[in-house]
Amino acid sequence: MEKILCSVIVPMYNEEAVIWETYNRLTKVMDELNEAYEIIFINDGSKDKTKDILNEICNQNNKIKMIDFARNFGHQVAITAGMDYAAGECMVIIDGDLQDPPELIPEMIKKWKSGYDVVYGKRKSRQGETLFKKFTAKAFYRILRSMTDVSIPVDTGDFRLIDRKVCEALKQLPERSRYVRGLMSWVGFKQTAIEFERSERFAGETKYPLKKMLKLASDGIMSFSYKPLKLASYLGTLLSGLSFLYLIIVLLQKIFAPETVISGWASLIAVNLFFNGIVLLMLGIIGEYIGRIYDEAKGRPLYVISELKNMEEREGPRFKM
Ligand code: UDP
Ligand code: MG
């Protein structure tokens with residue numbers, strides 16, 4: 001069998017409106033390269049016609065492969081499955097909605113051939129996204145950077161090319177709450193960036209509602225930092241200091257103006273509510289970490305596959321069901 005140079009990994013969740021266009025643009029770019037390639041579509045439990053269309057494409061063209069998930073496992077898990085099954089010497093991860101331009105792939109491959117192991121796409125601008133999304137995304141990347149010891153590049157999504165050895169290193173990381181781009185920074189290797197304008201979605205709507213965005217953000221922060229837990233000690237120290245000052249005031253009041261002491265109901269309730277709030281907040285943060293420990297402890301597989309098209313099953317720890 002011919003050795004595959006590049007595997008393109010494309011997660012797809014309810015993307016019926018864009019698949020044909022994505023397929024056409026990707027194959028056009030890849031054909032022009034004149035190298036052996038494969039495109040792996042991961043159907044992440046779509047509820048629309050995504051699977052039927054992908055099936056049709058796979059029947060037409062055996063360079064196109066499909067991993068069909070048994071349900072929606074999420075974008076990051078879909079990418080992971082793609083990397084588990086990719087056969088190429090390098091692999092490109094790209095969104096299925098054409099927000100990441102496939103035309104950048106040849107340039108990425110050129111950089112890779114010149115010796116880089118990771119070539120990531122850095123967003124110069126984002127088009128067709130709401131102000132809210134632009135703002136929260138910018139803020140998130142910067143908060144994440146300030147909280148972690150691993151340097152995770154800002155304004156960088158999952159659009160990137162990685163060398164096979166990076167993929168092999170990633171396979172050694174068994175964790176379940178996956179923030180793939182963080183994991184890639186964690187394993188290291190020689191990295192470089194290519195800047196690009198992030199265009200509008202070709203069709204359809206974002207598959208990242210606020211809830212999924214928050215999940216991704218908390219996975220990103222909590223898998224790479226325990227600073228939120230430290231918040232408890234900082235707040236605790238600050239507040240006990242303040243309470244001690246207040247205690248002195250109360251005592252002085254009692255000694256020098258005993259007749260005013262009884263009037264403290266408002267301050268009492270305020271202090272009480274404030275402290276209860278902080279305690280609940282900290283319990284919540286600790287709970288988030290415990291939940292993640294619980295998830296890891298169960299040791300379930302990351303994903304369950306219902307069907308493979310144009311490819312064979314793999315052996316390995318992640319594939320046991
Ligand atoms: N996606 C997925 N599973 C999900 C959500 C999204 O596979 O649960 C895919 C989606 O089909 C797309 C990519 O992940 O190819 C990025 O999603 P989207 O474009 O909706 O995110 P946005 O660009 O709005 O952040
Ligand atoms: Mg998108």
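Every number for a ligand or one of its atoms is a count from 1 in the order of the listing. Keep in mind that this is a model prediction, so the values were computed, not measured.
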Fill in: T50 versus E16, closest heavy-atom pair with distance
OG1-N, 3.5 Å
Which residue and heavy atom of the protein sit nearest [atom], plus the separation:
atom                    : value
atom 19 (O) of ligand 1 : D97 OD2, 2.6 Å
atom 17 (O) of ligand 1 : Y208 CD1, 3.8 Å
atom 24 (O) of ligand 1 : T206 OG1, 2.6 Å
atom 11 (O) of ligand 1 : E15 OE2, 2.6 Å

Worksheet item: Evaluating non-hydrogen atoms only, which member of I79, D95, T130, L98 is closest to atom 13 (C) of ligand 1?
Response: D95
Worksheet entry | Option whose closest heavy atom lies nearest to atom 22 (P) of ligand 1, chosen from R201, H75, K133 | K133
Item to complete: For the Mg ion (ligand 2), find the closest N/O/S atom belonging to D97 and write down its atom name.
Response: OD2
Can you sort out which atoms of ligand 1 are near [X], meaning under 4.0 Å from one of its heavy atoms?
X   : answer
Y13 : 1 (N), 2 (C), 3 (N), 4 (C), 5 (C), 7 (O), 8 (O), 11 (O)
G74 : 3 (N), 8 (O)
Q99 : 19 (O), 22 (P), 23 (O)
N72 : 3 (N), 4 (C), 8 (O)
M12 : 7 (O), 11 (O)

Fill in: Test item, K212 contacting ligand 1 (heavy atom, 4.0 angstrom)
yes
Above 12 or not: heavy atoms from other molecules or residues under 6.0 Å from [atom1] of [X]?
X    : atom1 : result
K122 : NZ    : yes
L131 : CG    : no
E312 : CD    : no

Worksheet entry | Presence of N, O or S from T206 under 2.8 Å of the Mg ion (ligand 2) | no
Worksheet item: When hydrophobic residues are tied together by side-chain contacts of less than 4.5 Å, even through go-betweens, does V119 share a cluster with L33?
Response: yes
Worksheet entry | G96 N/O under 3.5 Å from ligand 1 N/O | yes
Fill in: Between NE2 on residue H75 and OH on residue Y208, distance to nearest 0.5 Å
5.0 Å
Practice prompt. First locate atom OH of Y303, then atom CG of D84, and finally report the distance between them rounded to the nearest 0.5 Å.
Written response: 3.5 Å
Kindly indicate whether a cation-pi arrangement holds for [X] with [Y], taking the cut-offs as under 6.0 Å to the six-membered ring centre and within 45° of the axis.
X    : Y    : result
K207 : Y13  : no
K298 : Y294 : yes
R71  : F73  : yes

Please classify the [X] to ligand 1 contact at 4.0 Å (heavy-atom distances, strictly less than): side chain, backbone, both or neither.
X    : result
R198 : side chain
D44  : side chain
K207 : both
N14  : neither

Worksheet item: Should R123 and E197 count as an ion pair when the cut-off is N to O under 4.0 Å?
Response: no
Worksheet item: Given D117, which of R164, K111, K165, K190 fulfils the salt bridge (Lys or Arg N to Asp or Glu O under 4.0 Å) condition?
Response: K165
